[in-house]
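Each remark here refers to the structure printed beneath this line.
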Amino acid sequence: MGIDVNKGKSTGRGDEWYTPAWLIEALGEFDTDPAAPVQNHWTAKTCYTKRENGLRLPWNGRTFLNPPYSKIDPWIYRLTAHRNAIALVFARMDTQWMDQALCFADGVCFLTGRISFVDINGKGSKSANAPSILLAY
């Protein structure tokens with residue numbers, strides 16, 4: 001199964017990449033987002049930002065995760081243990097964290113094209129530098 005995504009314009013922001021609202025709407029309602037944008041949350045009822053450190057807080061109910069890719073491993077390990085989540089990650093098939101993620105995933109959806117992530121106000125930004133997938137648990 002594939003989902004077609006739009007391309008956007010280039011900007012450099014490190015780990016500050018936000019999931020477009022249309023993707024969250026397509027996936028349905030989430031209870032928790034442990035790695036949410038700093039403001040203007042649209043991903044879940046309860047959103048933890050980098051200030052709160054969502055790795056250290058409870059993940060309740062159906063969880064959405066678009067983790068910080070610079071240190072993704074602990075997020076993936078926590079995700080696979082939680083077992084009630086959908087994650088948006090790069091399709092890095094040659095990594096140890098992806099091996100862990102795929103071993104425990106109940107579903108995988110490769111997205112067609114590259115996601116145009118958005119800025120904190122929901123405006124289109126840079127297309128991802130790699131293809132993305134959704135992992136379901």
Side-chain angles (χ1 to χ4, degrees):
M1 168 190 258
I3 298 175
D4 195 14
V5 297
N6 297 318
K7 295 184 179 181
K9 297 179 181 176
S10 178
T11 62
R13 297 186 320 213
D15 276 336
E16 297 298 313
W17 297 100
Y18 307 122
T19 307
W22 65 262
L23 183 55
I24 298 298
E25 290 166 8
L27 296 173
E29 192 171 281
F30 291 95
D31 298 305
T32 305
D33 181 345
V38 176
Q39 60 188 11
N40 299 341
H41 305 141
W42 56 77
T43 51
K45 293 176 195 171
T46 300
C47 293
Y48 305 134
T49 69
K50 62 184 174 183
R51 283 179 254 164
E52 288 98 17
N53 188 355
L55 277 174
R56 297 176 187 231
L57 296 169
W59 295 13
N60 298 310
R62 188 167 185 251
T63 297
F64 176 76
L65 179 66
N66 178 0
Y69 293 172
S70 65
K71 295 184 185 206
I72 196 169
D73 295 48
W75 296 92
I76 296 300
Y77 301 145
R78 176 84 185 268
L79 174 79
T80 59
H82 180 62
R83 303 293 311 152
N84 185 9
I86 293 180
L88 171 64
V89 296
F90 284 150
R92 302 278 193 217
M93 307 311 285
D94 59 343
T95 62
Q96 184 176 357
W97 64 262
M98 182 60 79
D99 184 56
Q100 168 87 10
L102 292 174
C103 282
F104 293 97
D106 295 305
V108 178
C109 178
F110 288 85
L111 304 176
T112 303
R114 296 193 179 186
I115 291 181
S116 176
F117 288 92
V118 297
D119 67 15
I120 198 68
N121 297 311
K123 294 184 180 181
S125 189
K126 180 181 181 182
S127 277
N129 64 4
S132 297
I133 63 173
L134 295 170
L135 300 168
Y137 300 86

Checklist entry - Under the 3.5 angstrom rule, does the side chain of Thr80 hit a backbone N or O of Arg78 as a donor-acceptor pair? => result no
Checklist entry - Roughly how far, to the nearest 0.5 Å, is the OG atom of Ser132 from the CG atom of Leu88? => result 5.0 Å
Item to check | Closest non-hydrogen atom pair between Thr49 and Pro37, with its separation | outcome: CG2-O, 3.2 Å
Next on the checklist: Membership question, hydrophobic clusters at under 4.5 Å side-chain separation (ILVMFWY): are Trp59 and Leu57 in the same one?
Outcome noted: no
Checklist entry - Any side-chain heavy-atom pair from Leu55 and Trp75 closer than 4.5 angstrom? => result yes
Next on the checklist: Which heavy atom of Arg92 sits nearest to which heavy atom of Ala130, and what is that distance?
Outcome noted: NH1-CB, 3.6 Å
Item to check | Polar side-chain atom of Arg114 near backbone of Asn129 as donor-acceptor pair, under 3.5 Å | outcome: yes
Next on the checklist: Test your reading of the model: is there a side-chain donor-acceptor pair from His82 to the backbone of Arg62, 3.5 Å cut-off?
Outcome noted: no
Next on the checklist: Test side-chain contact (heavy atoms from CB on, under 4.5 Å) on Val89 and Ile76; report intermediate values, then the result.
Outcome noted: CA-CA 10 Å; Val89 296; Ile76 296 300; 4.1 Å; yes
Item to check | From Leu27 atom CG to Ile86 atom CD1, the distance as rounded to the nearest 0.5 Å | outcome: 5.0 Å
Checklist entry - Below 4.5 Å, heavy atoms only, C-beta onward: do Asp33 and Ile24 meet side chain to side chain? => result no
Checklist entry - Does any N or O in the side chain of Thr32 come within less than 3.5 Å of the main-chain N or O of Asn60, such that one atom is a donor and the other an acceptor? => result yes
Next on the checklist: Test of understanding: clusters of I, L, V, M, F, W, Y form through side-chain heavy atoms closer than 4.5 Å, transitively. Do Leu134 and Phe117 belong to the same one?
Outcome noted: yes
Next on the checklist: If I compare all heavy atoms of Phe104 with all of Arg83, which pair ends up nearest, and what's the gap?
Outcome noted: O-NH1, 2.6 Å
Checklist entry - Would you call the rings of Trp42 and Tyr18 parallel, tilted or perpendicular if under 30° counts as parallel and over 60° as perpendicular? => result perpendicular
Next on the checklist: With clusters defined by side-chain heavy atoms of hydrophobic residues (ILVMFWY) lying less than 4.5 Å apart, directly or transitively, does Val108 cluster with Tyr137?
Outcome noted: yes
Next on the checklist: If I compare all heavy atoms of Ala35 with all of Pro68, which pair ends up nearest, and what's the gap?
Outcome noted: CB-CD, 4.1 Å
Checklist entry - Taking side chain as C-beta onward, heavy atoms only, is Leu23 less than 4.5 Å from Ile115? => result yes
Checklist entry - Do Tyr48 and Phe64 share a hydrophobic cluster (ILVMFWY, side-chain heavy atoms under 4.5 Å, transitive)? => result no
Checklist entry - Does a side-chain heavy-atom distance below 4.5 Å link Met98 with Phe90? => result no
Item to check | Rounded distance [0.5 Å steps], OG1 in Thr19 versus CG in Asn66 | outcome: 3.5 Å
Next on the checklist: Test of understanding: clusters of I, L, V, M, F, W, Y form through side-chain heavy atoms closer than 4.5 Å, transitively. Do Val118 and Phe30 belong to the same one?
Outcome noted: yes
Next on the checklist: Do the side chains of Asp31 and Lys45 get close enough for a salt bridge, i.e. N-O under 4.0 angstrom?
Outcome noted: yes
Next on the checklist: If I take atom CD1 from residue Ile133 and atom CG from residue Leu102, how far apart are they, to the nearest 0.5 angstrom?
Outcome noted: 5.5 Å
Checklist entry - Is there a side-chain contact between Thr95 and Asp73 (heavy atoms, below 4.5 Å)? => result no
